[in-house]
Each structure stands twice: as structure tokens, then as C-alpha cells.
Visitor: 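One structure, pasted below without further comment.
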Amino acid sequence: MIGIFDSGAGGLSVYREIRKLLPDQGFVYFSDNAHCPYGEKDASYIQERGRRITETLLEKGAQAIVVACNTATAAAIATLRAAYPVPFIGMEPAVKPAALGTRTGVIGVLATAGTLKGSKYLNTKGRFEDDVTIVEHVGQGFVELVENGILDGPEAEAVVRRSLQPLLDAGADRIVLGCTHYPFLAGVIGRIAGPSVQVIDPAPAVARQLVRVMEGAGILVREKKALRGSFELLSSGDPASARRILALIDAADGKKEKQ
Ligand code: DGL
């Protein structure tokens, strides 16, 4: 059983990639939407949420936990790793592939305020800053759009443009999605950015890392029959937003909606 959590429905962008690689595992997903957004909250608050959620996921039988939230990874993954005896797999803005691929020498990072000031991100940025220009912007209002199921249309376009345009104006030809909610706005982001800009979602790399970690720990075993391919949704608030996103990704993958 694999546990996944996020401040809301954003982590489903990671679940979508994980289940492609591990379709026969069982999943339990915790959407902490009663406490969403995490983006501007103190690290200590997010650490406390992380502990409570981890305990719930462990009670459900999780053997590995994906912190499918860049902000929670920055604030809490170290304390969670120190406190619980299961592997935690986190998110990190994909600066490296963007830096290696850019032709203009400018890469743009969209993330929450919490992620952009985290030491993990600052270290990664420091490694590449001599070679490329890194411009950043908080995706202001992006999380709220996704939680409200507004993934396209004039309102989504206006909100996305406000944060994305400064990165494009700076010459960025790679846009790193440093928040797991943002891939659900990829259609709008791609349309505004245009075909010469590549939008990078780290979720496929995180899914591969989860497989490596579980294999390394010897816990990538055949799931109990009753749980194979199962998905349980838990949420601290109204589950409607996560259900809506889940229905969309299921429809895109040609599956029926799961409860
Ligand atoms: N999905 C989140 C992330 O990856 C958190 C967004 C938020 O709650 O502010 O950072």
C-alpha cells in the first residue's frame, strides 16, 4: 500500500504518474484541503499536518509515503523521515532538466512562496545559477483555481497569465512546475507560453524514484488481492475537489471514476 498526500488535489498529478508504473499497487490518498493552501504557512504548521497525515496513512497500511507537495517536502520531509520508519519520497522543482535543456539560457520556476524559500530549492538553484538565469514567480491563485475545478477558460487564463508573463518576458524557454497543483493548468500554461517553451512537470521522475526506493527497501511486493489497483480518498475537508480531479484523470486514462 502506497500513501500519498498533498494540501489538496494537486498530488493527484503525481498519483496519475505513479499508477502508470505501479497499476497493481493499492493507494491511499490524503487531501488536506481543510488546511489548503500550504504555500504561505509556517514550516512548523506544515510539519504538524505532515505528522498527523502520516499517522493516518500508516494506520491504513502505507509502506511508503509520497509527499506529493513541493511545499510540504520543503517544510516537513526531513522531520517526517526522522520520526517514522517508512521511506518518504518528496518533490523538488525540476531545475536540472530545465537548466540542461534551455536554449535561451533563462529558465522560469513557478512554485509557492514556501517552496521558493526552502533550503532544498535554494541549494539546487545555487548549483545552476552560474550557468543559467533562473527567474521565479509564485503561481498566485493557481492552487485556488485547481481546488475549485477551474482548469481552463477566461478566468484561469487571466490568473495564469499574471504569474507566467513575467517569466516569458524575461526570456524563459523552460517553465518548471514547482507545485503539484500546476500540472492541472498545463493546457492554459502551454497555450500562453506558446510552442517554443517547454513546460516541465517532475511527476514522472518522482514516480520512477518511488519505484527505485521501494525496490531498494524490498517493499515492492505483490499487493494483497483485495487491494490491487485500489484507490482510497481521504480528506480533511470536502472531498468534492479531489473527486472532480480524479474523475478527470480517470477519464483521460480511459478509466471509470473510482470512489
Ligand atoms: N500542491 C502544493 C505544492 O506542491 C501545495 C500548494 C499549496 O497548498 O499552496 O506545493
Side-chain angles (χ1 to χ4, degrees), residues 3-18 29-50 52-54 65-78 80 88-95 108-122 124-125 136-151 156 159-160 162-163 175-186 189 199-207 209-210 233-239 241-242 244-246 248-249:
I4 305 175
F5 77 90
D6 178 44
S7 64
L12 292 169
S13 67
V14 187
Y15 163 64
R16 162 172 78 180
E17 297 302 325
I18 295 171
Y29 183 96
F30 194 106
S31 159
D32 196 17
N33 60 340
H35 304 92
C36 185
Y38 280 177
E40 309 272 340
K41 297 210 168 64
D42 284 350
S44 58
Y45 181 91
I46 300 172
Q47 286 164 9
E48 178 55 21
R49 292 306 307 152
R52 291 203 185 188
I53 295 165
T54 295
I65 295 183
V66 181
V67 183
C69 173
N70 292 259
T71 315
T73 301
I77 202 165
L80 294 175
F88 287 87
I89 292 85
M91 306 297 302
E92 205 189 329
V95 170
V109 180
L110 288 170
T112 67
T115 298
L116 294 176
K117 65 172 197 257
S119 58
K120 220 172 162 186
Y121 171 68
L122 293 175
T124 309
K125 186 177 153 184
E136 296 156 354
H137 213 287
V138 170
Q140 214 82 54
F142 289 23
V143 170
E144 290 77 1
L145 284 176
V146 173
E147 289 297 315
N148 289 312
I150 305 166
L151 308 183
V159 169
V160 168
R162 262 201 302 278
S163 297
I175 299 291
V176 175
L177 302 183
C179 169
T180 55
H181 279 77
Y182 301 175
F184 294 116
L185 295 165
I189 294 171
V199 178
I200 303 177
D201 173 8
V206 171
Q209 173 67 0
L210 170 67
L233 173 65
L234 306 173
S235 77
S236 56
D238 185 348
S241 54
R244 205 165 31 223
I245 298 284
L246 191 61
L248 284 176
I249 67 175

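Just so you know, ligand 1 is whichever comes first in the structure, and atom 1 is the first atom listed for that ligand.
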Visitor: Could you go step by step and tell me if Val95 and Tyr121 meet the side chain to side chain contact (heavy atoms under 4.5 Å, CB included) rule?
Guide: CA-CA 9 Å; Val95 170; Tyr121 171 68; 3.8 Å; yes

Visitor: Using the test salt bridge (Lys or Arg N to Asp or Glu O under 4.0 Å), find all partners of Glu92 that sit at least two apart in sequence or belong to another chain.
Guide: none

Visitor: Tell me, please, which residues at least two apart from Glu144 pass salt bridge (Lys or Arg N to Asp or Glu O under 4.0 Å).
Guide: none

Visitor: Extract all N/O-N/O pairs under 3.5 Å that connect ligand 1 to the protein, and present each with both atom names and the distance rounded to 0.1 Å.
Guide:
residue	atom	partner	partner atom	Å
ligand 1	1 (N)	Asp6	OD1	2.9
ligand 1	1 (N)	Thr180	OG1	2.9
ligand 1	1 (N)	His181	ND1	2.8
ligand 1	4 (O)	Asn70	N	2.8
ligand 1	4 (O)	Asn70	ND2	3.2
ligand 1	4 (O)	Thr180	N	2.8
ligand 1	4 (O)	Thr180	OG1	3.3
ligand 1	8 (O)	Ser7	OG	2.6
ligand 1	8 (O)	Tyr38	N	2.6
ligand 1	9 (O)	Tyr38	N	3.3
ligand 1	9 (O)	Gly39	N	2.8
ligand 1	10 (O)	Asn70	N	3.4
ligand 1	10 (O)	Thr71	N	3.1
ligand 1	10 (O)	Thr71	OG1	2.6

Visitor: Checking side chain to side chain contact (heavy atoms under 4.5 Å, CB included) between Phe184 and each of Leu248, Ile150, Val143, Leu151, which is the one that passes?
Guide: Leu151

Visitor: Which atom pairs, one a donor and one an acceptor, fall under 3.5 Å between side chains of residues 70-78 and the rest of the protein, sequence neighbours left out?
Guide:
residue	atom	partner	partner atom	Å
Asn70	ND2	Gly178	O	3.2
Thr71	OG1	Thr112	OG1	2.8
Thr71	OG1	Thr115	OG1	3.4
Thr73	OG1	Val67	O	3.4
Thr73	OG1	Cys69	O	2.7
Thr73	OG1	Met91	N	3.1

Visitor: Main chain of Ser44, side chain of Asp42: is a donor-acceptor contact present, judged purely on distance under 3.5 Å?
Guide: no

